[in-house]
Amino acid sequence: MSNSAQTSASKRIEALLDENSFVEVGGYISARATDFNMTEQETPADGVVTGYGTIEGNLVYVYSQDAAVLGGSVGEMHAKKISNIYALAMKMGAPVIGLVDCAGLRLQEATDALNGFGQMYLSQTMASGVVPQITAIFGTCGGGMAVASAITDFTFMEEKKAKLFVNSPNALDGNYTAKCDTASAKFQSEEADMVDYVGDEASILEEIRTLVSILPANNEDDMSYDECNDDLNRVCADLAGCVGDTALALSMISDDNFFMELKKMYAPEMVTGFIRLNGTTVGCVANRTEVYEDGEKTASYDAVLTTNGCGKAADFVTFCDAFNIPVLTLVNVKGYKADKHTERKIAKAAGRLTYAFANATVPKVTVVVGQAYGTAYLTMASKSIGADVVYAWPDASIGMMEASAAAKIMYAKEIAAADNAASLIAEKAAAYSEKQSSALAAAKRGYVDDIIEAADTRKRVIAAFEMLFTKREDRPDKKHGTV
């Protein structure tokens, strides 16, 4: 590397890319500023190593900030180098990966640094939806760099040393790091909807390699297909037992049980991630009510939509639609979370998710695996809002609400006068379920395309996506929606 020391910045690039594939761009660039003793400062590569290389043969562009040079702070030329990498990536249609370790804006360069930051934001915005953007945080990512991270599609964070913040924890009224470390990987992954994956440095680099290998290179040239060595007609015998833990269900139906879950720690009642079906990358959204690890249940959740879960899923579906990735949805939802805090934002969040599913033109397949009640079901990629194919497992329930609750409302007077109210409720609920809440009733009305055995889900979903491979769907001519 021409003018870059073998620091952690360059070593991370070497660990990320295929062996001997990295080519540095702008290695001799250094700071132009001379004020505030900058002439006495050594700024090799101006604190950021930039260039291109390959991951499993796929072209990628990368920048890696060097904390050994003025703390990795962003100056005029530092930002310009990153913008130049984005320009190359846009020309070639290849992903951009940023390895972040940055003290923030370089104070000595003031408005020049600010302008450079703004140009970097513009480059990221123009690239959004055109090429995948990935950020990995290994040290400090504060202030403006946190905003840059938020603009990208995926964010990875080192679990112990990394810090991600707009305002430092100690700068928040009534807070300090020991009380609540809002910059920590734990907070950002569990509370802030910012981080997709947390781990040590080696595992983060490996996860990025995996992600790049399954994503399209850009929004037009899809290189995300791979050869499938798994049986396309493989029966998943135990799948019916995974109604609660849909992450486990997704891994079971995927080629070779591959499943890359994203934002696992944030809104865990909603699952988002990628699987492979017949070698094709498929984005997945699913309601989750249970989590099992090594055969033991470790967590449980209500079968409801939450504000955080809706936002998480909406962002994911929007990404998949931008890059022409088909979407599979597993539904098990009975309504919305009901509390005062949720009520502040749930309507807006559910509206965003409804819009994301309805607006997406990629192939969309939905499988109702459990309950599917009310408008919460409509939001989860129902036939009504544009799902191309909808399947249901035999024991699925689809309707306005749970049958016994509906019976209590419709037959309130009769129940109040009955000698055996419980028996009457059960009788009326059974009749309502048969006529209005069963998978068969929905299928008779055309809201479900077929009732399938759980064990056959893999082969039926693969067949549906193959049928939808050449799907074309137009939308009204407009600049963009406003939801």
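- Partner of L330 under the side-chain contact (heavy atoms from CB on, under 4.5 Å) criterion, chosen from L250, V461, N287: L250.
- Distance alone, capped at 3.5 Å, is enough to place a donor-acceptor pair between the S438 side chain and the A441 backbone.
- Nearest heavy-atom pair across S254 and L277 is CA-CD2, 4.3 Å.
- With contacts defined as side-chain heavy-atom distances shorter than 4.5 Å, the pair V60/T54 does not qualify.
- Using a 4.5 Å heavy-atom threshold, the side chains of E290 and Y301 count as separate.
- Residues passing the side chain to side chain donor-acceptor pair (under 3.5 Å) test with E466 are N278, sequence neighbours excluded.
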Item to complete: Starting from the C-alpha separation in whole Å, work towards a yes-or-no answer on side-chain contact (heavy atoms from CB on, under 4.5 Å) for V130 and M90.
Response: CA-CA 7 Å; V130 180; M90 291 284 281; 3.9 Å; yes
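- A salt bridge is defined here as a Lys NZ or Arg NE, NH1 or NH2 lying under 4.0 Å from an Asp or Glu carboxylate O, and R209 with D18 meets this definition.
- A distance-only check finds a donor-acceptor pair linking the side chain of E158 to the backbone of A162 [under 3.5 Å].
- Panel note: side chain N257, backbone S251; a donor-acceptor pair is recorded below 3.5 Å.
- Under the 3.5 Å distance criterion, the side-chain polar atoms of S213 are matched with a main-chain donor or acceptor of T210.
- Using a 4.0 Å cut-off between charged side-chain N and carboxylate O, D200 and K160 make no salt bridge.
- The CZ atom of R288 sits 12.0 Å away from the OG atom of S300 when rounded to the nearest 0.5 Å.
- Using a 4.5 Å cut-off on side-chain heavy atoms (C-beta onward), Y197 and E261 make no contact.
- Remark: D449 CG to T366 OG1 distance equals 9.5 Å, nearest 0.5 Å.
- Counted by atom type alone, E269 and T306 present one or more donor-acceptor pairs between their side chains at under 3.5 Å.
- Judged by distance alone, the side chain of T329 and the main-chain N or O of M380 form no donor-acceptor pair under 3.5 Å.
- How far CG of D230 is from CZ of F258: 13.5 Å, rounded to the nearest 0.5 Å.
- Between C228 and R276, the closest side-chain pair of non-hydrogen atoms is not below 4.5 Å.
- For T135, the side chain to side chain donor-acceptor pair (under 3.5 Å) partners two or more places apart in sequence, or in a different chain, are T152.
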Fill in: Steps toward side chain to side chain donor-acceptor pair (under 3.5 Å) verdict (T379, T354)
CA-CA 5 Å; T379 292; T354 304; 2.9 Å; yes
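- Of the N and O atoms on the side chains of T177 and N170, at least one donor lies less than 3.5 Å from an acceptor on the other residue.
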Worksheet item: Can D456 and L239 be said to form a side-chain contact (heavy atoms from CB on, under 4.5 Å), step by step?
Response: CA-CA 9 Å; D456 294 333; L239 196 62; over 6 Å; no
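- Judged by distance alone, with hydrogens and angles left aside, the side-chain atoms of Q188 form no donor-acceptor pair with the main-chain N or O of A183 at under 3.5 Å.
- By the side chain to side chain donor-acceptor pair (under 3.5 Å) test, Y377 pairs with no residue at all, sequence neighbours left out.
- Rounded to the nearest 0.5 Å, atoms CD1 (I134) and CD (E207) are 11.0 Å apart.
- Applying the side chain to side chain donor-acceptor pair (under 3.5 Å) rule to Y63 yields no partners; only residues at least two apart in sequence or on another chain are considered.
- Between D196 and K264 there is no salt bridge, since none of the side-chain N atoms of the basic residue sits less than 4.0 Å from a carboxylate O of the acidic one.
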Item to complete: Begin from the C-alpha positions of T457 and I452 and carry the test side-chain contact (heavy atoms from CB on, under 4.5 Å) through to its verdict.
Response: CA-CA 7 Å; T457 300; I452 63 173; 4.0 Å; yes
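- For A392, the side chain to side chain contact (heavy atoms under 4.5 Å, CB included) test picks out V368, A396, I398, A439, V448, with sequence neighbours left out.
- For the pair T125 (side chain) and Y121 (backbone), a donor-acceptor distance under 3.5 Å is present.
- Here the straight-line distance linking atom OG1 of T155 with atom CE of M194 works out to 5.0 Å at 0.5 Å rounding.
- The side-chain heavy atoms of C180 and F187, taken from C-beta on, include a pair separated by under 4.5 Å.
- No side-chain heavy atom of V131 sits less than 4.5 Å from a side-chain heavy atom of P95.
- Using a 4.5 Å heavy-atom cutoff, the side chains of L468 and P326 are not in contact.
- Checked by atom type and distance alone, the side chain of N233 never pairs as donor or acceptor with a backbone atom of K459 at under 3.5 Å.
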Item to complete: Assess whether salt bridge (Lys or Arg N to Asp or Glu O under 4.0 Å) is satisfied between D388 and K471, documenting all intermediate values.
Response: CA-CA 10 Å; D388 300 298; K471 175 187 174 183; 2.8 Å; yes
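- Here the CG atom belonging to L378 is positioned 10.5 Å from the OH atom belonging to Y447, to the nearest 0.5 angstrom.
- Environment of CD in E473: crowded, with over 12 heavy atoms of neighbouring residues, nucleotides or ligands closer than 6.0 Å.
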Just distance, no hydrogens or angles: give the donor-acceptor pairs under 3.5 Å from side chains in residues 308-321, sequence neighbours left out.
{"from": "N308", "atom 1": "OD1", "to": "Y266", "atom 2": "OH", "distance (Å)": "3.0"}
{"from": "K312", "atom 1": "NZ", "to": "K263", "atom 2": "O", "distance (Å)": "2.8"}
{"from": "K312", "atom 1": "NZ", "to": "Y266", "atom 2": "O", "distance (Å)": "2.7"}
{"from": "K312", "atom 1": "NZ", "to": "A267", "atom 2": "O", "distance (Å)": "3.3"}
{"from": "K312", "atom 1": "NZ", "to": "M270", "atom 2": "O", "distance (Å)": "2.6"}
{"from": "D315", "atom 1": "OD1", "to": "R352", "atom 2": "NH2", "distance (Å)": "2.6"}
{"from": "T318", "atom 1": "OG1", "to": "A314", "atom 2": "O", "distance (Å)": "2.9"}
{"from": "D321", "atom 1": "OD1", "to": "T361", "atom 2": "N", "distance (Å)": "2.8"}
{"from": "D321", "atom 1": "OD1", "to": "V362", "atom 2": "N", "distance (Å)": "3.4"}

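- In this structure the side chain of V365 reaches within 4.5 angstrom of the side chain of F465, judged on heavy atoms.
- When atom types are taken as modelled, the side chain of D153 and the backbone of Q133 share a donor-acceptor pair closer than 3.5 angstrom.
- For D181 and K163, the salt-bridge test passes: some basic side-chain N is under 4.0 Å from an acidic carboxylate O.
- Between the side chain of R458 and the backbone N or O of D231 there is at least one donor-acceptor pair closer than 3.5 Å.
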